[in-house]
Every structure is written in structure tokens, then in C-alpha cells.
Amino acid sequence: MNKSDSERIAGHLEKRGYKKSAEREKAGLVILVTCGVRQSAEDRIYGLVPKIKKENPKVKIILTGCLVNREDVKRRLNGYVDAWMPINKIFNFQFSIFNQFTNFQFSNKKQKDKISCDKDDYLSIKPKYSSKFSAFVPIGNGCNNFCSYCVVPRARGREVYRPAEDILKEIKCLVKKDYKEIILIAQNVNSYKSEITNYPLRQSDSEASKLQITNKSNPPAGGQNSKLKFINFSGLLKLINDIPGDFWIRFFTSHPKDMSDELIKAIAASDKACRHIHLPVQAGDDEVLKKMNRNYTVSHYKSLIKKIRRGLPDVSITTDVIVGFPGETKAQFNNTVKLFKEVKFDMAYISRYSPRPGTAAEKLKDNVSKIEKKRREEELMKILRKTALENNKKYIGKIVDVLVEGRNKRGEWYGKTETAKNVKLGIKNPPNSAGKQELGIRTIIGEFVKVKINKVRGFGLEGEIVK
Ligand code: SAM
Ligand code: SF4
């Protein structure tokens, strides 16, 4: 999300004539998109901001992102930061800050008026994508769930979803430019809802038809004959899938409480949606889940995994988990161990609990020691390494599609499968159609290739390009 926000800030500035500085030391303005999800991310800012000012005393620093509303952070960085900018206010920020800092002049009044409009939908800003083949497309921002440990609803505000028409427009443009991977992002993609005019409802869109409304007080933009309807995430996925082209659709993150049968069916029916579901479990114990305010039980989570695996054969499943939540006993942690052994995740992002200011859990005693949190993390890692390797063994001898992402220092190509497995492509210069070793010159970055897998590791595959 922060990376995507940075792309939008860069797009916004570049459109107004700013240029990216080759070196940070020579920049006139540095904007930092901060993360406050864990203390470790926050601590990086306390080191980085003074460092930037020291190496370049004339630079103006703007902070945005998760830490922007925190008074204690503001006090701590007082004297270093020149302005604090909520990310969704970047339209309004144009005059007050950017200009004042950089003496930027609008070429004419029309341009000034256009930019100064009181717009709040920063997601509509055209980003400067950092990749030429893979793009983050935010479908929403904020969160309404208030998990007791999490700072996001306070830092990013309540859920706001982007109109489906806007999302489709951005994706169509990307596909035209030959983008191969569209990554839909929001804190909870599967609680997405949007009004849409003239949505071509099909019989299968059962959930969407249930949500269908005709908005009487606010007639749809398409005129009296067009009907305004709501679509949910399954509906959005279908519309994106209908865009002609050869591309993958990924999405992060799905919340277990909102993972519907309809969505699993929509993914199964899609030839573009990747067979990879990231479904954060956070804990494998019902009492801990309750204290976390996650609104599901372990048995619900396990039944979802079953349904996903039944509906999407060969799917890979990854998760997020927190160890050492306040009061988590060894027995409760052992339930998470049990869940890890049972589910056999392909990957897991394991976090040691970190108290966050303003959250409900901050009031609970952070009573699991640092050493014990580390030990719990390592125990889960050990299981993960085993289950991931076990899952990867199923790939041996298979031919899979790989989106080539780059070339490492040793000259080896690498990429990933639709199941989000990293793949090292063993051939340094794969032969072209004439059998010549010319690919060292022609780049295959951003292309799909067929790869025969011949070696697997815990967190990756190796193979040879066969086509
Ligand atoms: N919306 C997603 C969900 O519901 O699972 C997760 C978004 S959150 C920004 C990313 C991950 O950070 C979470 O899944 C959680 O594992 C971790 N996280 C959030 N707050 C944390 C905290 N206080 N301590 C440790 N990890 C935390
Ligand atoms: Fe944070 Fe929970 Fe919202 Fe995810 S669902 S962003 S963990 S509050």
C-alpha cells in the first residue's frame, strides 16, 4: 500500500514538473511514506529523518503515511520534518507546501484552479508505476475492522472504496501497455463494494443481484435509463477478468470473515485470477482470536481452507500470524503450532506482537517476553520450512508459467509462478526460437515463459525455460 502511495505521489509531482533526483543528497524535497504497523518500522523513521537532514541540510522533508496523525512522533521529529501530510490530502497540499518549499510556479491560472480543487479521492491520481509489467492497483483504503492490535483503522481511517469504473479504466490502460500482472490492493479486498452504472448482471452474479439497488435520490451518471447497482469483490473480479488480454490478477489482503463461497467460485471461474490466496489467520486459538477481535474461529478458518483447496486445486495458501499477543499462553500458542501443521502453508509472515499506541491491545500487558516471542517465531518457521518444501515437491517435473521479473548479479533470470513461488531459471542465456543463445541480449523481463521445474527448495523452485 505504501509503495502504491509513493507511486501516486511521484505521479502527482511529476505531472506538475518536478523531477526525481538521482541522489537523495541533492534533492530539494523528500517525501517519506511511513509505516506504523510495528515498532521496528517506526524506529526506522527516527533514524532516517535526521540522517537525511544531516546529509542535505537544505532539503525539505514531508512525512505522510501511518505516522502522520501521531502527536508523539511529531514531537520526536520536531525540527526535522517540514510538513505532515495525510496521504488523501495530497491534492490540497499543492499550494501550501510544495510551492512554498520549491518556488514552484503554475504556468497559468487554469492549471492552478484545476489542481486546487478540494478533491479527496487521491486514489484517482495517475501513478508513476515503478515496474513496466506489474502494477499495484488500489481498490480501496482504510479499514473498519479494528483488530485490537492494529493501528491501521486509526492511521488510515475508515474503509473507502474506489469506484469500479475508475479501477477498470486504470487496468484497461495497463493491459494496453502490455502489463502482465495486476495486483489489486486494499486492507480487506473482499469487503469491497462499489456503485456502478450499467453493470451487465449475469445470472451467476447472485450476490451482486441481491445488492442491486436503484438509487432514487441520486440519479446515476449514465442518465435515467441506466440503473445504479452495487457490486462486490466477486463482481469486480469478473469485470476485470472480462478485459481481453494476457495478464494475471492478484489481490491482497483477504479477511477470513469476508471470504465467501461466491468469491471462491469467481476465482475458480476466472482464467486470470492467480491460484494464490493470502488469508491471514493471526492466531490458531479461539480465545486469542476473540481478544484480537478477528470475528472468526479456528474451525471457520479451517473450513475456508478446505473449501478453497476443493474449489481451486493446486492453489497456494499463505498467511500472516502474530506470536506473543498479550496473555498468549504456551498452550494457546501450541494451537497455532497445530494449525500450521494441519494447514501446511506455502508461506507465512510471522510477526512478534508489538504494542501500538491507541489500539485496544495497548491496554493489555505485553507479558510474553522478547525471547519467548522469538522462540515462538522460530518454532513456526521450522514447521513452515517443512510444509513449504513438502508443497513445493509437487512441482517437480511440472511445466508452469513463470512471469520473468529480473536477472540477478550472476546473470540468472528469476520470476514467479501464479502461485507466488519464486523461481530461479537455471539457464543463463536460454535459446531463442532459432536455438541461438541470444536471450542474453534480448530481455525476457516482463514476459511469460514456460518453465520445467527440476529442483525445489523450501521457499523457491528452480527450472529450465522450455518455451
Ligand atoms: N488487513 C490484513 C488482515 O486483516 O490480515 C492485514 C494488514 S496489517 C497492516 C499486516 C500485518 O501486520 C497483519 O496481518 C499482522 O500480522 C501484522 N500486524 C499488525 N499489527 C501488528 C502488531 N501490533 N504487532 C505485530 N504484528 C502486527
Ligand atoms: Fe488491521 Fe485488522 Fe484492518 Fe487488517 S483487518 S488492517 S489487521 S484492523
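Atom set for the values below is all heavy atoms of this structure, side chains included, hydrogens, waters and symmetry mates excluded. Ligands are counted one by one from 1 in listed order, and the atoms in each one are counted from 1 as well.
For Thr329, the side chain to side chain contact (heavy atoms under 4.5 Å, CB included) partners are Ala331, Gln332, not counting sequence neighbours.
A cation-pi arrangement is found for Arg76 relative to Tyr46, the charged atom lying closer than 6.0 Å to the ring centre and inside a 45° cone about the ring normal.
Residue-ligand proximity, Gln187 to ligand 1, at heavy-atom distances under 4.0 Å covers atoms 1 (N), 2 (C), 7 (C). Near His255, the atoms of ligand 2 lying under 4.0 angstrom from a non-hydrogen atom of the residue are 5 (S). Atoms of ligand 1 lying under 4.0 Å from any heavy atom of Val37, numbered from 1 in the order shown and given with element: 9 (C), 12 (O), 18 (N), 19 (C), 20 (N), 21 (C), 22 (C), 23 (N). The distance from ligand 1 to the heavy atoms of Arg356 drops below 4.0 Å at these ligand atoms: 23 (N). Listed by number with element, the atoms of ligand 1 under 4.0 Å from a non-hydrogen atom of Val152 are 9 (C). Close approach to Thr253 involves these atoms of ligand 1, each under 4.0 Å from a residue heavy atom: 2 (C). Counting the atoms of ligand 1 from 1 in the order shown, those under 4.0 Å from a heavy atom of Arg294 are 3 (C), 4 (O), 5 (O).
Between the side chains of Glu328 and Asn367, no donor-acceptor pair is found at a separation under 3.5 Å. With hydrogens and angles left out, the side-chain atoms of Gln39 and Ser354 include no donor and acceptor closer than 3.5 Å. For the residue pair Asn392 and Lys421, a side-chain donor N or O sits within less than 3.5 Å of a side-chain acceptor on the partner. Checking Tyr395 against Thr419 by side-chain atom types alone, a donor-acceptor pair falls below 3.5 Å. Side chains of Asn241 and Asp271: a donor on one and an acceptor on the other come within 3.5 Å. Side-chain N/O atoms of Arg38 and Ser351 include a donor and acceptor closer than 3.5 Å.
Selection from Arg294, Gln282, Met292 by nearest heavy atom to atom 4 (Fe) of ligand 2 gives Arg294. When the heavy atoms of Cys143, Pro280, Cys150 are ranked by distance to atom 5 (O) of ligand 1, first place goes to Pro280. Between Ser40, Gly36, Ser354, it is Ser354 that holds the heavy atom closest to atom 23 (N) of ligand 1. Across Met1, Arg38, Gln282, Lys257, heavy-atom proximity to atom 13 (C) of ligand 1 is greatest for Gln282.
Between Tyr301 and Phe345, the ring planes are tilted. Angles from 30° to 60° get that label. Aromatic ring orientation, Phe448 versus Trp248: tilted (interplanar angle from 30° to 60°).
Protein heavy atom at the shortest distance from atom 25 (C) of ligand 1 is Arg352 O, 3.5 Å. With hydrogens left out, the protein atom closest to atom 27 (C) of ligand 1 is Ile322 CD1, 3.7 Å, a heavy atom. Atom 6 (C) of ligand 1 has Asp320 OD2, 4.3 Å as its closest protein atom, hydrogens excluded (heavy atom only). When only non-hydrogen protein atoms are considered, atom 26 (N) of ligand 1 lies nearest to Ser351 CB, 3.4 Å.
Contact annotation for atom 20 (N) of ligand 1: protein present (non-hydrogen atoms, distance under 4.0 Å).
Considering CD1 of Ile350 and NZ of Lys374, their distance stands at 13.0 Å, rounded to 0.5 Å.
Protein atoms of type N, O or S found under 2.8 Å from atom 1 (Fe) of ligand 2 total 1.
Residue Glu287 qualifies as open at atom CD: its count of foreign heavy atoms under 6.0 Å is 12 or below.
Screening residues 250-260 for salt bridge (charged side-chain N to carboxylate O under 4.0 Å, His left out) gives Glu181-Arg250 as the qualifying pairs, with residues at least two apart or on separate chains. Applying the ring-ring contact (aromatic ring centres under 6.0 Å, His included) test to residues at least two apart or on different chains, the pairs with a partner in residues 349-370 are His278-Tyr349, Phe325-Tyr353.
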**OP:** Verify side chain to side chain contact (heavy atoms under 4.5 Å, CB included) between Thr417 and Val451, making sure each step is shown before the conclusion.
**Re:** CA-CA 10 Å; Thr417 63; Val451 175; over 6 Å; no
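A heavy-atom separation below 4.0 Å is not found between Arg156 and ligand 2.
Only side-chain heavy atoms of Asn188 come within less than 4.0 Å of ligand 2; its backbone N, CA, C and O stay farther off.
The shortest N/O to N/O separation between Tyr353 and ligand 1 does not fall below 3.5 Å.
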